[in-house]
There are 2 protein chains.
Amino acid sequence: MNTLSYGLLALLAQESCTGYELMLKIQPVWQAKHSQIYPILAKMERSGLVQFVSVAQKEKPDKKVYSITEKGTSALQAWLPDLSAEPVKRDEMLLKMYCLWLADAATTERLFRERLKLYAKRMEKFRASLAELEGAEQGSGKPLGVRTPSFGKYVLLKRAIDHARMEIDWCEWVLGMLKSGIDSSGA
Amino acid sequence: MNTLSYGLLALLAQESCTGYELMLKIQPVWQAKHSQIYPILAKMERSGLVQFVSVAQKEKPDKKVYSITEKGTSALQAWLPDLSAEPVKRDEMLLKMYCLWLADAATTERLFRERLKLYAKRMEKFRASLAELEGAEQGSGKPLGVRTPSFGKYVLLKRAIDHARMEIDWCEWVLGMLKSGIDSSGA
DNA sequence: CGAAGCATGTAATAGGTTACATGATTAT
DNA sequence: ATAATCATGTAACCTATTACATGCTTCG
């Protein structure tokens with residue numbers, strides 16, 4: 001049982017889904033391909049943490065809908081209070097910062113414009129998701145309390161938006177420096 | 001040549017260092033252990049991108065001081081304008097958000113307090129580094145222009161502080177929700 | 001007509017972590 | 001005393017990506 005396994009279990013605790021759905025859902029927090037998820041699911045099924053039912057579909061491939069077992073829920077609750085590993089990030093664009101000074105002005109500007117675009121897109125997407133979640137909340141009458149399964153999605157969405165905002169602000173701040181002639185000093 | 005190789009090259013373009021120093025310097029942007037860095041350095045030396053001189057030290061182990069070659073600088077400049085891969089992040093604490101609703105109030109609070117502490121520490125560290133950099137800048141008389149080797153460190157530090165600020169704010173926002181009784185809804 | 005989405009899986013490879021190995025000094 | 005810092009390297013293992021494999025539908 002590695003961290004990704006627990007993440008999948010956590011998603012299954014919210015609602016039953018297929019491996020494919022889990023792969024899509026976990027992306028914002030943990031990038032994993034389907035080739036990593038399917039074997040984990042099979043392994044967790046063998047150890048009784050999850051179970052599945054095969055569902056035949058017309059005009060689409062058959063699917064396996066996984067759900068968490070009692071044993072799985074216990075495992076999750078044991079993992080939750082454990083001290084979490086420090087976040088790991090690998091960001092190619094940030095590595096480029098170390099040698100920005102040997103790039104031309106056009107390349108430098110493009111680097112930041114590309115990143116700006118990336119996070120602007122993400123922000124849009126996350127905002128739409130948040131609006132959707134808030135709409136569903138009002139529809140059901142239930143408020144987003146800590147003890148409701150969608151609370152996690154809610155705080156994660158809030159954080160994702162804040163993060164995108166920060167990245168956008170940072171890009172604009174640097175872009176502003178490029179324009180305001182501060183860059184001309186060493187050229 | 002993978003992304004980490006280019007990152008090491010980028011650091012060496014700023015100043016010559018040992019593998020050990022590179023390992024420490026690259027941490028904020030790309031988490032890598034020495035066991036990964038030494039073989040890469042040896043490989044880049046064999047292909048002529050970097051070179052090294054052995055320096056004997058008294059009361060410390062001998063070291064190899066690596067520096068970038070012309071060939072290495074060309075490779076860096078070719079990498080810079082390439083479209084950067086999207087940032088990868090793996091954050092165990094965020095995975096836990098999905099099953100927060102099955103944790104007790106004390107565990108939930110501890111989770112956020114631990115993260116708050118982590119980022120408060122980082123913020124302190126980054127602020128100290130920024131103050132140091134700004135001090136060195138004033139001492140040298142040279143402003144932090146885009147074309148100076150320390151510009152990258154500067155923008156990276158600014159971003160690290162902004163990021164830590166965001167994480168802290170998020171934790172405090174959630175912690176506030178826990179206290180204000182919003183959590184009592186589903187309990 | 002080709003690309004993308006749904007849906008599952010395996011195999012090969014690359015990337016990254018932990019452990020093994022050594023050894024002196026300095027701080028707690 | 002024990003841990004941490006400096007300093008380098010290798011081996012074993014785990015994690016993650018890319019490629020291979022299949023197949024039908026819908027959208028551009």
Side-chain angles (χ1 to χ4, degrees), chain A residues 1-9 11-12 16-46 50-66 84-92 95 125, chain B residues 1-9 11-12 16-46 50-66 84-92 95 125:
Chain A
M1 287 292 285
N2 55 23
T3 310
L4 177 56
S5 306
Y6 283 109
L8 297 174
L9 224 43
L11 282 168
L12 287 174
S16 300
C17 7
T18 66
Y20 190 83
E21 287 170 330
L22 287 170
M23 183 264 294
L24 295 176
K25 281 188 182 185
I26 211 161
Q27 293 306 314
V29 178
W30 199 283
Q31 287 83 54
K33 313 278 151 125
H34 71 273
S35 54
Q36 206 181 354
I37 289 173
Y38 291 128
I40 288 175
L41 246 19
K43 202 180 154 191
M44 289 201 292
E45 194 271 328
R46 285 194 296 272
V50 298
Q51 58 190 81
F52 69 87
V53 276
S54 290
V55 176
Q57 292 184 114
K58 29 183 189 238
E59 297 164 20
K60 264 187 196 177
D62 291 4
K63 63 183 180 181
K64 289 180 180 178
V65 178
Y66 283 88
S84 304
E86 289 199 13
V88 170
K89 50 193 84 163
R90 295 186 219 276
D91 195 328
E92 186 171 17
L95 282 179
K125 209 180 62 182
Chain B
M1 287 292 284
N2 54 24
T3 311
L4 177 56
S5 307
Y6 285 108
L8 297 174
L9 225 43
L11 283 168
L12 287 174
S16 299
C17 8
T18 66
Y20 189 83
E21 287 170 329
L22 288 170
M23 183 263 295
L24 294 175
K25 282 188 182 185
I26 211 161
Q27 291 308 313
V29 179
W30 199 282
Q31 288 83 54
K33 313 281 151 119
H34 72 273
S35 55
Q36 207 181 354
I37 291 173
Y38 291 128
I40 288 176
L41 246 20
K43 202 181 156 190
M44 289 201 294
E45 195 271 330
R46 286 194 297 272
V50 298
Q51 56 189 81
F52 69 88
V53 276
S54 290
V55 177
Q57 293 184 114
K58 30 180 190 249
E59 298 164 18
K60 261 187 199 175
D62 291 3
K63 62 181 181 183
K64 289 180 178 177
V65 179
Y66 283 88
S84 305
E86 289 200 12
V88 169
K89 48 193 84 165
R90 293 186 220 275
D91 197 327
E92 187 172 15
L95 282 179
K125 208 180 63 183

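Lettering follows sequence order; numbering is per chain, from 1. Not measured: the values here are computed from a predicted model.
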Exercise. With respect to the phosphate group of D/dT8, does any side-chain polar atom (N or O) of B/Y38 fall under 4.0 Å of OP1 or OP2?
Worked result: yes

Exercise. What is the nucleic acid contact for A/S35, judged by heavy atoms within less than 4.0 Å: base, sugar-phosphate only, or nothing?
Worked result: base

Problem set entry | Side-chain donor/acceptor of A/Q31 to backbone N/O of B/K89, under 3.5 Å | yes

Exercise. Rounded to the nearest Å, what distance is computed from the CZ atom of residue A/R90 to the P atom of nucleotide C/dG15?
Worked result: 11 Å

Exercise. Which nucleotide in the list D/dT8, C/dG15, C/dG16 gets nearest to the side chain of B/K63?
Worked result: D/dT8

Exercise. To the nearest angstrom, how far is A/Y66 atom OH from C/dA7 atom P?
Worked result: 14 Å

Seminar exercise, completed: Contacts of B/P39 and B/L24 projected onto DNA chain D by closest heavy atom; the upstream (5') one is B/L24

Problem set entry | Main-chain N/O of A/A32 paired to A/Q27 side chain as donor or acceptor, under 3.5 Å | yes

Problem set entry | Comparing B/N2 and A/T18 on DNA chain C - which has the more 5′ nearest nucleotide | A/T18

For this session: Could you tell me whether A/K60 contacts a base, only the sugar-phosphate backbone, or nothing, with contacts defined as non-hydrogen atoms closer than 4.0 Å?
Result: sugar-phosphate

For this session: Kindly determine whether B/M1 and B/Y6 satisfy side chain to side chain contact (heavy atoms under 4.5 Å, CB included), including the steps that lead there.
Result: CA-CA 7 Å; B/M1 287 292 284; B/Y6 285 108; 3.8 Å; yes

Exercise. Given that B/V65 and B/V88 both sit by DNA chain D, which one's nearest nucleotide is further toward the 5' end?
Worked result: B/V65

